[in-house]
Amino acid sequence: MTGGETSLTVLVGLAEEAELLRDASRSWPKPPHILVGGGTTAAAERRAPGLLTEHPTSLLSFGYCGGLSSDLKPGDLVVATEVIGQSDRRFSCDPALSRGLVESAEALELTVRSGTLATPAEAAATPAAKRRLADTTGALAVDLESAALAEVAVEANLPFAVIRAVLDDLGTTLPPFAIAAVDETSGRPRMTRLLLGLLRSPGDLPALVRLGRARAAAQASLRRLLVRPLTA
């Protein structure tokens with residue numbers, strides 16, 4: 001997307017998402033301000049007011065998401081048309097910003113889908129949980145940050161958009177210890193907790209390996225997207 005003198009603030013969930021965006025944006029004319037949500041819905045809600053500290057003109061939710069549709073695979077991009085938060089509160093994304101993101105992705109020949117994105121209180125970690133969420137919300141994908149950003153945007157009367165790369169698809173189970181290993185302060189994995197969890201549940205190793213492959217696909221798509229500045 002292109003624009004004039006604008007200021008973009010981005011909310012991500014994890015430190016690695018922030019680092020990916022920070023590295024790519026060093027060559028941009030105006031790099032965005034980046035805020036790390038911390039990897040949980042509750043942490044994102046606590047951090048979200050900080051999105052306004054740099055007086056942005058628009059907000060963006062960026063990073064990974066979970067797929068709730070059987071035709072989404074790791075690395076596919078999702079641009080939200082609306083975000084559903086807790087208590088079924090719905091937030092409409094800015095059409096112009098969202099359209100620009102779709103056009104940028106398509107110009108780079110990336111696979112991109114548009115639709116509703118849900119932000120529940122907890123991660124949808126199993127195929128059954130993802131199907132229930134899809135059935136109750138009609139959402140295409142799920143993340144843990146976008147509703148917090150949307151609420152701040154609406155209260156501040158700022159346009160916002162969401163673009164996420166699918167990490168875990170509909171058939172993927174996220175090992176519970178992998179979710180619990182994320183430090184809510186830094187958004188980084190606590191390796192000791194991760195290794196202890198794997199020692200206690202060695203049968204989850206194949207799932208962790210598959211998740212690593214999916215992570216590489218999601219990162220590759222986001223890197224390709226970021227060859228162009230994300231400005232609003």
Side-chain angles (χ1 to χ4, degrees), residues 1-39 44 47-65 73-80 83 93-114 117 141 143-146 148-150 152-153 156 158-167 182-183 185-189 212-232:
M1 300 189 302
T2 60
E5 288 301 316
T6 61
S7 175
L8 177 67
T9 291
V10 183
L11 180 65
V12 302
L14 304 175
E16 68 180 58
E17 297 164 330
E19 289 163 2
L20 189 155
L21 178 55
R22 193 172 291 115
D23 288 345
S25 65
R26 286 196 178 104
S27 61
W28 296 0
K30 192 169 186 178
H33 177 63
I34 304 168
L35 186 69
V36 178
R47 303 274 172 77
L51 290 164
L52 303 179
T53 58
E54 298 297 315
H55 308 290
T57 55
S58 59
L59 301 178
L60 177 69
S61 176
F62 172 89
Y64 305 138
C65 66
K73 65 181 185 301
D76 288 349
L77 296 177
V78 173
V79 173
V83 174
C93 301
D94 184 84
L97 301 185
S98 301
R99 184 169 58 252
L101 288 167
V102 171
E103 291 172 353
S104 291
E106 289 178 341
L108 294 164
E109 300 184 341
L110 291 161
T111 300
V112 58
R113 291 275 307 278
S114 294
L117 182 141
D143 77 354
L144 299 179
E145 294 81 34
S146 291
L149 175 138
V152 168
L158 290 175
F160 77 95
V162 178
I163 186 162
R164 295 270 170 163
V166 174
L167 175 63
V182 177
D183 182 273
T185 300
S186 66
R188 297 183 184 279
R213 295 194 188 105
R215 173 176 169 266
Q219 286 190 346
S221 292
L222 292 175
R223 284 195 183 95
R224 284 180 61 191
L225 178 73
L226 295 173
V227 299
R228 298 181 177 183
L230 296 178
T231 57

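We're numbering straight along the sequence, starting at 1.
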For the [atom1] atom of [X] and the [atom2] atom of [Y], what is their distance to the nearest 0.5 Å?
X	Y	atom1	atom2	value
H33	S7	NE2	OG	9.0 Å
L35	L149	CG	CG	9.5 Å
S221	L108	OG	CG	10.5 Å

Could you pull out the closest heavy-atom pair between [X] and [Y], with the gap in Å?
X	Y	result
A161	L101	CB-CD1, 3.7 Å
L222	L20	CB-CD2, 4.1 Å
C65	V78	SG-CG2, 4.3 Å
S25	P31	O-CG, 3.3 Å
S146	S61	OG-OG, 2.7 Å
C93	S98	CB-OG, 3.7 Å

_L158 and L52: CA distance, side-chain angles, deciding distance, side chain to side chain contact (heavy atoms under 4.5 Å, CB included) verdict_ = CA-CA 10 Å; L158 290 175; L52 303 179; 3.7 Å; yes
*Using a 4.5 Å cut-off on heavy atoms from C-beta on, say whether the side chain of F62 contacts that of I34.*
no
_So if I apply the side chain to side chain donor-acceptor pair (under 3.5 Å) rule between Q219 and each of R224, E16, E17, which one comes out positive?_
E16
_Partners passing side-chain contact (heavy atoms from CB on, under 4.5 Å) against V112 (at least two apart in sequence or in another chain)_ = L77, V79, V102, A105, E106
*Please answer whether the main-chain N or O of L8 pairs with a side-chain N or O of S58 as donor and acceptor at a distance below 3.5 Å.*
no
*asked:* When you measure from the side chain of R47 to the backbone of T185, do you find a donor-acceptor pair of N or O atoms at a distance under 3.5 Å?
replied: yes
*Answer yes or no: is there an ion pair linking R188 with E19, defined by an N-O contact shorter than 4.0 Å?*
yes
*Could you walk me through whether L59 and L11 pass side chain to side chain contact (heavy atoms under 4.5 Å, CB included), step by step?*
CA-CA 8 Å; L59 301 178; L11 180 65; over 6 Å; no
*Taking Y64 as the fixed residue, which of L14, V12, D143, L144 is the one that meets the side chain to side chain contact (heavy atoms under 4.5 Å, CB included) rule?*
L14
*Of V152, V83, L97, the residue whose pairing with F160 passes side chain to side chain contact (heavy atoms under 4.5 Å, CB included)*: V83
*Given the rule in the side chain to side chain contact (heavy atoms under 4.5 Å, CB included) test, do V166 and K73 qualify, once you have shown the distances and angles that lead to the verdict?*
CA-CA 7 Å; V166 174; K73 65 181 185 301; over 6 Å; no
